[in-house]
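In this chain, numbering begins with 1 at the start of the sequence shown. What you see is a predicted model, and the numbers here were worked out from it, not measured in a lab. Hydrogens, waters and symmetry mates are skipped; everything else that's a heavy atom, side chains included, is used.
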Amino acid sequence: MKVYNFESDLNLTPENSDEQYMREALKLAEQAFRENEVPIGAIIVANGKIIGKGYNLTERLNDVTAHAEMQAFTAAANFLGGKYLKDCTLYVTIEPCVMCAGASYWTQISRIVYGAKDEKRGYSAIHDKIIHPKTEIKSGVLEEDCANLVKSFFRNKR
């Protein structure tokens, strides 16, 4: 999977950008689903351009830290040539876990937009102050689509 130097060819307006970018993250979650990974996808956007992508690779890499957000953080940092993601937005299909929320703190990302809440393992269920105080949070973008993909994955596992 190529993880850096992404171009965005989306025709976006401020009104539809969050949904359009979440659709891009959902495409990555669907890729994870096809690869029998927990279907979570993430992208990072800066100045209207996708600069990082990721989806869960925990099974393929046998690595519990290979979450979609972690893949996207690494790709975006490589693209920018630095570890801070100020003026960037993370779009992720499911609420970040504590590990990914903690990593987002260290990136100083400006904004996190997520689809479905994770009642059991999402950062807000455990400690909602783990996000950087300057990071803006928006939840519920394409929530039903994001939740249904994960529910379908686990339903098929049982």
Side-chain angles (χ1 to χ4, degrees), residues 1-10 12 16-80 83 85 88-107 109-125 130-131 135 137-158:
M1 174 174 77
K2 189 174 183 180
V3 293
Y4 54 88
N5 205 12
F6 299 101
E7 297 293 328
S8 176
D9 58 356
L10 302 174
L12 300 175
N16 73 2
S17 63
D18 285 344
E19 284 190 12
Q20 288 298 100
Y21 285 127
M22 188 62 73
R23 288 188 200 294
E24 293 299 307
L26 265 167
K27 288 178 187 176
L28 292 166
E30 291 164 354
Q31 177 68 32
F33 186 93
R34 289 190 296 275
E35 294 181 19
N36 206 30
E37 297 276 359
V38 175
I40 299 173
I43 66 168
I44 296 179
V45 175
N47 298 318
K49 181 177 180 180
I50 297 172
I51 63 166
K53 294 183 182 184
Y55 60 87
N56 272 2
L57 293 171
T58 58
E59 298 300 322
R60 181 192 304 173
L61 299 179
N62 197 30
D63 178 356
V64 297
T65 68
H67 289 195
E69 300 95 324
M70 303 301 268
Q71 305 301 314
F73 290 148
T74 299
N78 285 337
F79 179 84
L80 294 174
K83 61 186 177 183
L85 302 177
C88 295
T89 300
L90 167 68
Y91 291 88
V92 61
T93 55
I94 302 296
E95 176 186 4
C97 70
V98 172
M99 175 185 68
C100 294
S104 79
Y105 182 97
W106 293 109
T107 70
I109 199 156
S110 297
R111 193 164 175 252
I112 298 173
V113 178
Y114 67 86
K117 202 154 182 51
D118 185 343
E119 300 289 338
K120 293 181 183 175
R121 292 180 183 84
Y123 77 90
S124 64
I130 198 164
I131 298 290
T135 299
I137 304 292
K138 181 176 180 180
S139 63
V141 176
L142 300 180
E143 182 174 12
E144 191 173 321
D145 294 340
C146 294
N148 286 340
L149 186 59
V150 171
K151 287 176 185 175
S152 175
F153 176 80
F154 285 111
R155 190 172 30 252
N156 292 338
K157 288 285 185 191
R158 293 183 180 110

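Annotation: the span from Leu80 atom CG to Cys88 atom SG amounts to 5.5 Å, rounded to 0.5 Å. Remark: Met22 CE to Ser17 OG distance equals 11.0 Å, nearest 0.5 Å. Atom OG1 of residue Thr107 and atom CG of residue Leu90 lie 8.0 Å apart, to the nearest 0.5 angstrom. To the nearest 0.5 Å, atoms CG (Leu149) and CG (Leu142) are separated by 12.0 Å. Atom-to-atom distance recorded for Arg155:CZ and Ser152:OG is 5.0 Å, nearest 0.5 angstrom. Atom OG1 of residue Thr89 and atom CG of residue Asn47 lie 10.0 Å apart, to the nearest 0.5 angstrom.
Ion pair Glu24/Lys27 flagged as a salt bridge, since at least one NZ, NE, NH1 or NH2 atom sits closer than 4.0 Å to an Asp/Glu carboxylate oxygen.
Between Asn36 and Phe153, the closest side-chain pair of non-hydrogen atoms falls below 4.5 Å. Side-chain contact check for Val92 versus His67: every heavy-atom pair is 4.5 Å or farther apart. Side-chain atoms of Ile130 and Tyr105, non-hydrogen and from C-beta on, never get closer than 4.5 Å to each other. Put simply, the side chain of Met70 reaches to within 4.5 Å of the side chain of Met99, judged on heavy atoms. No side-chain heavy atom of Lys53 sits under 4.5 Å from any side-chain heavy atom of Tyr91. No side-chain heavy atom of Thr58 sits less than 4.5 Å from a side-chain heavy atom of Val64.
Closest heavy-atom contact between Gly52 and Ala75: CA-CB, 3.7 Å. In terms of heavy-atom proximity, Tyr21 sits nearest to Gly48 at OH-O, 3.1 Å. Between Gln71 and Tyr55, the shortest heavy-atom contact is CG-O, 3.7 Å. In terms of heavy-atom proximity, Ile131 sits nearest to Ala101 at CD1-CB, 3.6 Å. Closest non-hydrogen pair, Asp118 versus Glu95, comes out as N-OE1, 3.0 Å. For the residue pair Leu28 and Gly41, the shortest heavy atom distance occurs at CB-CA, 3.9 Å.
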Worked check of side chain to side chain donor-acceptor pair (under 3.5 Å) between Glu69 and Ser104: CA-CA 9 Å; Glu69 300 95 324; Ser104 79; over 6 Å; no
Under the side chain to side chain contact (heavy atoms under 4.5 Å, CB included) criterion, do Arg111 and Val45 qualify, and how do the steps go? CA-CA 10 Å; Arg111 193 164 175 252; Val45 175; over 6 Å; no
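A donor-acceptor pair is defined here as one N or O able to donate and one able to accept, closer than 3.5 Å; no such pair exists between the side chain of Asn56 and the backbone of Pro39. Judged by distance alone, the side chain of Thr93 and the main-chain N or O of Leu26 form no donor-acceptor pair under 3.5 Å.
Relative orientation of the Tyr123 and Tyr114 rings is perpendicular, given thresholds of 30° and 60° on the angle between their planes.
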